[in-house]
Amino acid sequence: MSDEPFTHVVKRSGALVPFNRERISNAIFRAAVAVGGRDRERAAYLAGEVVAVLAASLPAGHTPTIEEIQDAVEKVLIENGHATVAKAYILYRDEAARRRAASGQRAAKPSETIPWAKVWQGLDWAVRHDLHTVGKLNGRIAAGDFARIVHESESAYEDDVATAAQLLLNRRDQARLVLITGPSSSGKTTTTGKLEVRLAREGLRFQVLNVDHYFLDLEDHPRDEFGDYDYETPQALDLALINDHLRRLLDGEEVRIPRYDFKTGRRHLEQTPLRLGPHEMLLIDSLHGLYPAMTAGVPAASKFRLYLEPLLQMRGPDDEYIRWTDIRLMRRMLRDAVHRAWNPQQTLEHWHYVRASELRNILPYQATADLIINSAMPYELALYRPRLLDSFLNWVELYRDDPLREDAHMRAVRVARLLNSVTAVADDSPVPAASVLREFIGP
């Protein structure tokens with residue numbers, strides 16, 4: 001806005017970014033959502049109060065810092081009678097500060113969000129199959145081994161699925177609710193289908209509860225700092241209604257599932273009847289299946305929790321291990337472009353809040369899973385190079401001087417360097433039709 005008292009903000013890194021009042025409004029709204037509030041107009045009003053406080057308290061010509069803006073938000077929330085929202089905002093701010101303070105100590109302390117035993121198993125497998133570095137992968141591709149690499153990778157994944165099915169069969173007398181979860185683009189849909197087929201042979205059936213229909217109306221969704229609606233957070237779901245329906249379903253009652261219309265952003269209640277029959281288990285395939293509030297009313301013994309992630313164990317061109325989040329970013333770009341008419345550039349620009357939600361709401365709970373499946377396919381990088389490298393190189397230049405897209409630029413640089421180091425394979429015919437990768441690269 002041309003009449004704003006400030007033109008820029010000083011970030012913690014010292015970089016200057018344009019001042020945007022709506023970011024303050026969105027931050028206040030997200031804090032309100034955390035405690036059950038959803039008044040976006042009130043959030044906008046309070047943001048205006050924050051700007052007024054800053055303009056009155058800072059010297060003329062001063063460029064406010066992030067810390068000064070956050071201090072003003074706390075002050076305005078408290079003085080306007082929103083102590084509960086202020087507490088949520090303060091807790092979030094404190095959590096972010098602790099994450100920054102701990103970032104330099106991560107190498108010295110084991111991470112609770114990393115499944116170390118499964119990672120070690122994956123690394124051992126990669127070394128034994130000569131796939132633990134990009135150079136080794138390239139060497140095997142050059143030797144004409146691509147089809148064999150596909151077979152080896154798919155076999156390892158199928159072994160994990162078979163183990164999951166057997167564990168669930170062992171608990172068939174107790175487990176009534178199966179939760180298949182993991183961060184975005186981990187391969188949950190394919191894995192769910194494969195598990196259903198294996199269990200059907202033993203006389204077990206799934207009834208699927210699609211929690212996407214429990215999204216709140218779009219106007220009540222949290223939004224990120226760019227004003228984009230955030231479908232990634234569990235606070236976008238009606239968790240109370242989910243728990244009520246789970247309890248009633250597991251007690252043998254019939255419930256009527258709502259229907260969410262993604263075109264209008266509206267939810268319609270009491271739509272589709274659902275009841276569990278004999279030898280049927282309730283299945284939830286969701287990002288947030290391990291999020292405690294999602295199934296708070298279900299006894300632990302009644303749950304079977306399966307967690308998926310592409311835990312690739314391969315060193316890239318910088319001799320650092322390839323990041324799992326980058327694998328999933330590329331998968332989601334390809335899937336969304338094919339199935340959701342979503343431009344890959346939009347996926348990159350929105351990944352910052354996808355990742356933020358994962359760190360808060362998904363990864364901290366992976367240790368509660370009964371089993372972890374590694375859905376990584378070491379050969380997938382070779383297929384992604386011809387599909388995505390040119391785009392990433394373009395994004396590196398597009399975001400180079402854009403302070404609002406620092407996150408997108410950082411990821412573009414890293415992924416472009418990775419893809420540029422991998423030998424390209426354009427022919428995906430060796431990939432089985434039922435492969436988890438078909439979710440992303442198409443049939």
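Residue indices begin at 1 and follow the sequence shown. Being a predicted model, the structure only gives us computed values, none of them experimental.
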**Q** For the pair Asn420 (side chain) and Ala416 (backbone), establish whether a donor and an acceptor sit closer than 3.5 Å, ignoring hydrogens and angles.
**A**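 It does not hold such a pair.
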
**Q** Looking only at side chains, do Glu74 and Gln70 share a donor and an acceptor under 3.5 Å apart?
**A**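 Glu74 vs Gln70: no donor-acceptor pair found between side chains.
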
**Q** Check whether any side-chain N or O of His82 sits under 3.5 Å from a backbone N or O of Ile78 as a donor-acceptor pair, and report yes or no.
**A**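 Absent.
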
**Q** Is atom CZ of Arg400 surrounded by more than 12 heavy atoms (other residues, nucleotides or ligands) closer than 6.0 Å?
**A**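 Above 12, so yes.
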
**Q** Examine distances only and state if a side-chain atom of Glu68 and a backbone atom of Thr65 form a donor-acceptor pair shorter than 3.5 Å.
**A**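 Side chain of Glu68 to backbone of Thr65, a donor-acceptor pair under 3.5 Å: yes, one is there.
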
**Q** Whether Lys75 and Asp71 form a salt bridge (side-chain N of Lys/Arg under 4.0 Å from carboxylate O of Asp/Glu) is what I want to check.
**A**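 No.
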
**Q** Pairing donors with acceptors under 3.5 angstrom, does anything connect the side chains of Arg176 and Ser302?
**A**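 Side chains of Arg176 and Ser302: no pair found under 3.5 Å.
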
**Q** Does a side-chain heavy-atom distance below 4.5 Å link Arg148 with Arg140?
**A**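 When only atoms from C-beta onward are counted, Arg140 and Arg148 do touch, with a gap below 4.5 Å.
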
**Q** Just do the side chain to side chain donor-acceptor pair (under 3.5 Å) check on Trp351 and Ser184 with the steps written out, would you?
**A** CA-CA 10 Å; Trp351 197 253; Ser184 177; over 6 Å; no

**Q** Measuring only between side-chain heavy atoms, which start at C-beta, is Leu216 closer than 4.5 Å to Arg267?
**A**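 Sidechains of Arg267 and Leu216: in contact.
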
**Q** Shortest non-hydrogen contact from Ile362 to Gly182?
**A**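 Closest approach of Ile362 to Gly182: CG2-C, 4.2 Å.
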
**Q** Could you tell me whether a side-chain N or O of Asn243 sits under 3.5 Å from a main-chain N or O of Gly297, the two making a donor and an acceptor?
**A**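 Side chain of Asn243 to backbone of Gly297: a pair is present.
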
**Q** Drop me the distance from Thr192's OG1 to Asp285's CG, to the nearest 0.5 angstrom.
**A**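 One gets 4.0 Å once the value is rounded to the nearest 0.5 Å.
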
**Q** Looking only at heavy atoms, what is the nearest atom pair of Arg405 and Tyr399, with distance?
**A**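 That would be CB-CD2, 3.6 Å.
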
**Q** Under the rule for ring-ring contact (aromatic ring centres under 6.0 Å, His included), what residues qualify as partners of Tyr89, not counting sequence neighbours?
**A**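 Checked Tyr89 against ring-ring contact (aromatic ring centres under 6.0 Å, His included); zero matches.
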
**Q** For Ala412 and Leu348, which heavy atoms make the closest approach, and how far apart are they?
**A**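 Nearest pair, atom of Ala412 first, then Leu348: CB-CD2, 4.3 Å.
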
**Q** Is a salt bridge present between Arg201 and Glu196, judged by a nitrogen-to-oxygen distance below 4.0 Å?
**A**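 Judged by the 4.0 Å cut-off on N to carboxylate O distance, Arg201 and Glu196 do not form a salt bridge.
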
**Q** Using ring-ring contact (aromatic ring centres under 6.0 Å, His included) as the criterion, list what pairs up with Phe206, not counting sequence neighbours.
**A**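 Partners of Phe206 under the ring-ring contact (aromatic ring centres under 6.0 Å, His included) test: none.
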
**Q** Does Asp428 pair with Arg387 as a salt bridge, N-O distance under 4.0 Å?
**A**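 Yes, Asp428 and Arg387 are salt-bridged.
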
**Q** With side-chain contact (heavy atoms from CB on, under 4.5 Å) as the criterion, how do Leu249 and Arg247 come out once you've worked through the C-alpha distance, each side chain's angles and the decisive distance to 0.1 Å?
**A** CA-CA 6 Å; Leu249 284 165; Arg247 178 187 56 77; over 6 Å; no

**Q** Taking the side chain as every heavy atom from C-beta outward, state whether Leu179 and Tyr291 have any pair of such atoms under 4.5 Å apart.
**A**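 No, too far: nothing below the 4.5 Å cut-off.
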
**Q** Nearest 0.5 Å please: distance from the OH atom of Tyr307 over to the CD1 atom of Ile372.
**A**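 With rounding to 0.5 Å, OH (Tyr307) is 7.0 Å from CD1 (Ile372).
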
**Q** Between Tyr365 and His288 (judged by ring centroids, cut-off 6.0 Å), do the two rings come close enough to count as a pair?
**A**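 No; His288 has its ring centre 6.0 Å or more from that of Tyr365.
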
**Q** Is Glu158 salt-bridged to Lys194, going by a charged N under 4.0 Å from an acidic O?
**A**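 Yes, this pair counts.
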
**Q** How long is the span from the OG1 atom in Thr423 to the CG atom in Asn138, to the nearest 0.5 Å?
**A**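 So the OG1 of Thr423 and the CG of Asn138 are separated by 3.5 Å.
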
**Q** What I want to find out is whether Lys188 reaches Glu309 closely enough, with some N-O distance under 4.0 Å, to be called a salt bridge.
**A**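 No, no charged N to carboxylate O under 4.0 Å.
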
**Q** Between Glu154 and Ser435, does any side-chain donor sit less than 3.5 Å from a side-chain acceptor?
**A**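 Indeed, the side chains of Glu154 and Ser435 share at least one donor-acceptor pair under 3.5 Å.
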
**Q** Can you confirm whether Arg323 is buried at CZ, in the sense that more than 12 heavy atoms of other residues, nucleotides or ligands lie under 6.0 Å from that atom?
**A**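 No, CZ of Arg323 has 12 or fewer neighbouring heavy atoms, counting only those of other groups under 6.0 Å.
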
**Q** Quick check against the 3.5 Å criterion: does Arg385 have a side-chain atom that pairs as donor or acceptor with the backbone of Leu389?
**A**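 No, because the side chain of Arg385 does not come within donor-acceptor range (under 3.5 Å) of the backbone of Leu389.
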
**Q** For residues Tyr379 and Glu152, is any side-chain donor paired with an opposing acceptor at under 3.5 Å?
**A**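 Side chains of Tyr379 and Glu152: no pair found under 3.5 Å.
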
**Q** Indicate yes or no for a side-chain donor-acceptor contact from Thr181 to the backbone of Gly289 under 3.5 Å, with no hydrogens or angles considered.
**A**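 Yes; at least one donor-acceptor contact below 3.5 Å.
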
**Q** Is any side-chain heavy atom of Pro344 less than 4.5 Å from a side-chain heavy atom of Ser391?
**A**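 Counting from C-beta outward, Pro344 and Ser391 never come under 4.5 Å.
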
**Q** Salt bridge check, Glu439 against Arg335: does any charged N sit closer than 4.0 Å to a carboxylate O?
**A**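 So Arg335 does not pair with Glu439 through a salt bridge.
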
**Q** Are any of the side-chain heavy atoms of Val178 and Ile284 separated by less than 4.5 Å?
**A**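 No, their side chains stay 4.5 Å or more apart.
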
**Q** Begin with the C-alpha distance, continue with both residues' side-chain angles, and end with the deciding distance and a verdict on side-chain contact (heavy atoms from CB on, under 4.5 Å) for Met294 and Tyr214.
**A** CA-CA 11 Å; Met294 172 79 82; Tyr214 291 82; over 6 Å; no

**Q** Would Arg93 and Glu67 pass as an ion pair if we require N to O under 4.0 Å?
**A**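 No, this pair does not count.
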
**Q** Please determine whether the number of non-hydrogen atoms from other residues, nucleotides or ligands lying under 6.0 Å from atom CG of Asp401 exceeds 12.
**A**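 At most 12 heavy atoms, drawn from other residues, nucleotides or ligands, come within 6.0 Å of this atom.
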
**Q** Is it true that the side chains of Ser186 and Trp324 contain a donor and an acceptor less than 3.5 Å apart?
**A**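 Not at all, the side chains of Ser186 and Trp324 share no donor-acceptor pair under 3.5 Å.
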
**Q** Under the salt bridge (Lys or Arg N to Asp or Glu O under 4.0 Å) criterion, do Arg331 and Glu380 qualify, and how do the steps go?
**A** CA-CA 9 Å; Arg331 286 180 171 188; Glu380 63 188 286; 2.9 Å; yes

**Q** Check whether Ser357 reaches the backbone of Val354 with its side chain - one donor and one acceptor, N or O, closer than 3.5 Å.
**A**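 The answer is no, because no donor-acceptor pair under 3.5 Å joins these two groups.
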
**Q** Would you indicate whether the side-chain heavy atoms of Gln313 and Trp125 approach each other to under 4.5 Å?
**A**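 Contact flag for Trp125/Gln313 side chains = no.
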
**Q** Has Asn20 got a side-chain atom pairing as donor or acceptor with Glu22's backbone, closer than 3.5 angstrom?
**A**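 Judged by distance alone, yes, a pair lies under 3.5 Å.
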
**Q** When rounded to the nearest 0.5 angstrom, what distance separates CG in Leu274 from CG in Asn210?
**A**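 One finds 11.0 Å between CG of Leu274 and CG of Asn210.
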
**Q** For Phe215, does its backbone N or O pair with a side-chain atom of Asp238 as donor and acceptor, under 3.5 Å?
**A**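 A pair under 3.5 Å: no.
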
**Q** Do you know the tightest heavy-atom contact between Leu199 and Ala165?
**A**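 Nearest pair, atom of Leu199 first, then Ala165: CD2-O, 3.8 Å.
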
**Q** Could you check if a side-chain atom of His350 sits within less than 4.5 angstrom of a side-chain atom of Gln345, using non-hydrogen atoms only?
**A**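 They are not in side-chain contact.
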
**Q** If I compare all heavy atoms of Leu311 with all of Asn374, which pair ends up nearest, and what's the gap?
**A**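 Shortest heavy-atom contact: N-OD1, 2.8 Å.
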
**Q** Quick one: CG on Asn361 to CG on Leu290, what's the gap to the nearest 0.5 Å?
**A**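 The distance works out to 11.5 Å.
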
**Q** Please indicate whether His151 has more than 12 foreign heavy atoms, meaning atoms of other residues, nucleotides or ligands, lying under 6.0 Å from its NE2.
**A**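 Check fails, neighbour count at 12 or below.
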
**Q** Report yes if some heavy atom in the side chain of Leu334 is under 4.5 Å from a heavy atom in the side chain of Tyr384; otherwise report no.
**A**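 In contact.
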
**Q** I need the minimum non-hydrogen distance between Ala424 and Pro386, along with the two atoms involved.
**A**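 Closest approach of Ala424 to Pro386: CB-CD, 3.9 Å.
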
**Q** Is the shortest side-chain N to carboxylate O distance from Asp370 to Arg171 below 4.0 Å?
**A**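 Between Arg171 and Asp370 there is a salt bridge, with a charged N closer than 4.0 Å to a carboxylate O.
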
**Q** Would you give the length of the straight line joining atom CD of Glu349 to atom CG of Asp402, rounded to the nearest 0.5 angstrom?
**A**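 Here the interatomic distance stands at 8.5 Å.
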
**Q** Give the C-alpha distance, both sets of side-chain angles, the deciding distance and a yes or no for salt bridge (Lys or Arg N to Asp or Glu O under 4.0 Å) between Asp160 and Lys118.
**A** CA-CA 11 Å; Asp160 272 3; Lys118 192 66 179 178; 2.9 Å; yes

**Q** I'd like to know if Arg414 pairs up with Asp326 as an ion pair, taking the criterion as any Lys NZ or Arg NE/NH1/NH2 lying under 4.0 Å from an Asp or Glu carboxylate oxygen.
**A**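 Judged by the 4.0 Å cut-off on N to carboxylate O distance, Arg414 and Asp326 do form a salt bridge.
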
**Q** Donor-acceptor check, side chain of Glu280 to backbone of Gly277, threshold 3.5 angstrom: yes or no?
**A**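 Checked: pair present.
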
**Q** Take Met281 and Leu177 through the test side-chain contact (heavy atoms from CB on, under 4.5 Å) and record every step on the way to the result.
**A** CA-CA 6 Å; Met281 294 180 174; Leu177 174 62; over 6 Å; no

